Protein chains: 2
Amino acid sequence: MAATCVTGKHDQHDVYAAQCPCRAMLDLLANKWSALAIGAMERGPQRFGELRRVLQGVSPKVLTQTLRRLEEVGLVERTVIPAVPLHVEYELTELGRGAARPLRSLREWVEDNIDALEG
Amino acid sequence: MAATCVTGKHDQHDVYAAQCPCRAMLDLLANKWSALAIGAMERGPQRFGELRRVLQGVSPKVLTQTLRRLEEVGLVERTVIPAVPLHVEYELTELGRGAARPLRSLREWVEDNIDALEG
DNA sequence: CCGAATCCCATCGGATACTG
DNA sequence: CAGTATCCGATGGGATTCGG
């Protein structure tokens with residue numbers, strides 16, 4: 001069971017509390033590009049260009065922003081491989097692989113239920 | 001297992017495909033207010049003001065937008081109860097309760113792992 | 001009073017071009 | 001190849017106002 005500000009032991013761990021860091025974290029994960037990027041990296045390390053190709057329609061700026069934010073909170077590790085041409089790999093951390101599970105469930109639910117949805 | 005454009009039987013059911021309706025649906029669900037609103041409605045029908053209080057920091061305009069979009073795709077049912085003062089109840093549909101599960105997993109993961117995350 | 005439409009502004013996302 | 005810079009349209013929040 002998740003702790004909440006109201007009922008749990010962690011008074012500041014409630015995604016519904018505006019000032020709780022959980023909310024900022026949920027904002028980061030509950031974001032279309034984050035959900036797709038993390039899913040893409042479940043297969044293993046991915047290069048910037050690979051991610052850009054998989055995440056159809058993402059602009060380089062937004063992909064960079066997304067990956068940098070995921071890196072900042074420790075969900076993704078960025079590795080620069082000095083070579084010509086330059087290689088940069090993005091990989092899920094242990095924590096990132098944990099976050100990937102509920103996100104995969106969400107993506108799969110959408111794919112499995114899209115026919116039942118209107119719009 | 002979820003079907004994908006590339007590997008599955010449903011050629012148009014891939015959240016990674018830019019033109020797939022799945023992507024639009026994921027964009028709707030992978031949104032900070034949608035995830036919180038759907039979670040709030042898991043307890044049962046909620047009035048507009050209740051939702052506004054639970055989703056700390058949401059403006060009435062954005063809450064209306066969010067609920068309307070969820071209603072359009074059939075995840076939420078909106079019921080106007082003619083009374084003074086006016087009652088408007090929002091309730092998850094069967095489909096909405098299905099979508100609620102992975103979203104709850106995501107919220108719980110965040111609450112359970114926030115201490116391990118940086119930022 | 002509650003729900004929601006309107007106006008205005010700040011911020012963000014997206015397309016494109018360009019650089020290390 | 002992997003980003004950064006720049007511009008622009010879309011989106012989101014706040015305050016206010018309207019309607020029931």
Side-chain angles (χ1 to χ4, degrees), chain A residues 15-19 23-38 40-41 44-73 76-91 119, chain B residues 15-20 23-38 40-41 45-73 76-91 119:
Chain A
V15 290
Y16 285 95
Q19 78 290 359
R23 266 282 293 275
M25 189 54 53
L26 186 64
D27 291 355
L28 174 58
L29 292 175
N31 160 292
K32 66 174 181 180
W33 295 123
S34 294
L36 293 172
I38 290 174
M41 286 182 281
Q46 301 282 315
R47 296 181 52 188
F48 186 86
E50 291 172 327
L51 287 171
R52 205 183 157 186
R53 235 169 292 120
V54 174
L55 276 59
Q56 296 176 31
V58 74
S59 71
K61 187 185 86 171
V62 173
L63 181 55
T64 298
Q65 286 175 348
T66 301
L67 293 169
R68 287 283 200 274
R69 281 181 298 201
L70 294 174
E71 187 192 7
E72 272 169 25
V73 298
V76 163
E77 186 174 12
R78 178 173 178 270
T79 307
V80 179
I81 299 166
V84 181
L86 187 60
H87 277 228
V88 179
E89 285 200 337
Y90 294 90
E91 185 175 10
Chain B
V15 291
Y16 285 94
Q19 78 291 357
C20 179
R23 266 283 292 276
M25 188 55 53
L26 185 65
D27 292 355
L28 174 58
L29 292 175
N31 160 293
K32 67 175 180 180
W33 295 123
S34 294
L36 292 171
I38 290 174
M41 287 183 282
Q46 302 280 316
R47 294 183 52 190
F48 186 87
E50 293 173 325
L51 287 171
R52 205 183 155 186
R53 237 167 289 124
V54 173
L55 276 59
Q56 296 178 31
V58 73
S59 73
K61 188 185 85 169
V62 173
L63 181 54
T64 298
Q65 285 175 349
T66 302
L67 292 168
R68 286 282 199 274
R69 280 182 296 200
L70 294 175
E71 187 192 7
E72 272 169 24
V73 299
V76 163
E77 187 173 10
R78 179 173 178 269
T79 307
V80 178
I81 299 165
V84 180
L86 186 61
H87 278 228
V88 179
E89 283 200 338
Y90 294 89
E91 185 175 10

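What you are looking at is a predicted structure, and each value in this text was computed from that prediction instead of being measured. Lettering of chains follows the sequences in order, A, B, ..., and the numbering in each one begins at 1.
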Atom-pair distance ([atom1] on [X]; [atom2] on [N]), nearest Å:
X       : N      : atom1 : atom2 : value
A:Gln46 : D:dC1  : CD    : P     : 15 Å
B:Phe48 : C:dA5  : CZ    : P     : 9 Å
B:Leu67 : C:dA5  : CG    : C1'   : 15 Å
A:Leu63 : D:dA2  : CG    : P     : 10 Å
A:Glu89 : D:dG3  : CD    : C1'   : 16 Å
B:Gln56 : D:dG13 : CD    : C1'   : 17 Å
A:Ile81 : D:dA2  : CD1   : P     : 9 Å
A:Asp27 : D:dT11 : CG    : C1'   : 15 Å

Using a 4.0 Å heavy-atom cut-off to protein, can you give one letter per nucleotide of nucleotides 11-20 of chain C, 5' to 3': B if the base is in contact, S if only the sugar-phosphate is, - if neither? --BBBB----

Roughly how far, to the nearest 0.5 Å, is CZ of A:Arg78 from CD of A:Glu91? 14.0 Å

Run the side chain to side chain contact (heavy atoms under 4.5 Å, CB included) test against [X] and tell me which residues pass, sequence neighbours left out.
X       : answer
A:Ala40 : A:Leu51, A:Val54, A:Leu55, B:Tyr16
B:Val84 : none
B:Glu77 : B:Thr79, B:Thr93

Is any side-chain N or O of [X] closer than 4.0 Å to OP1 or OP2 of [N]?
X       : N     : value
A:Arg47 : D:dC1 : no
A:Tyr90 : D:dC1 : no
B:Arg68 : C:dG3 : no

Quick note, B:Pro85 side chain, CB onward, closest among D:dT4, C:dC2, C:dG3 is C:dC2

Suppose the criterion is side chain to side chain donor-acceptor pair (under 3.5 Å): which pairs have a residue in residues 52-72 of chain B, not counting sequence neighbours? none

Write down the atom of A:Val15, the atom of A:Leu26, and the distance for their closest heavy-atom approach. CB-CD2, 4.2 Å

Salt bridge (Lys or Arg N to Asp or Glu O under 4.0 Å) contacts touching residues 23-35 of chain B (sequence neighbours left out): A:Asp27-B:Lys32, A:Lys32-B:Asp27

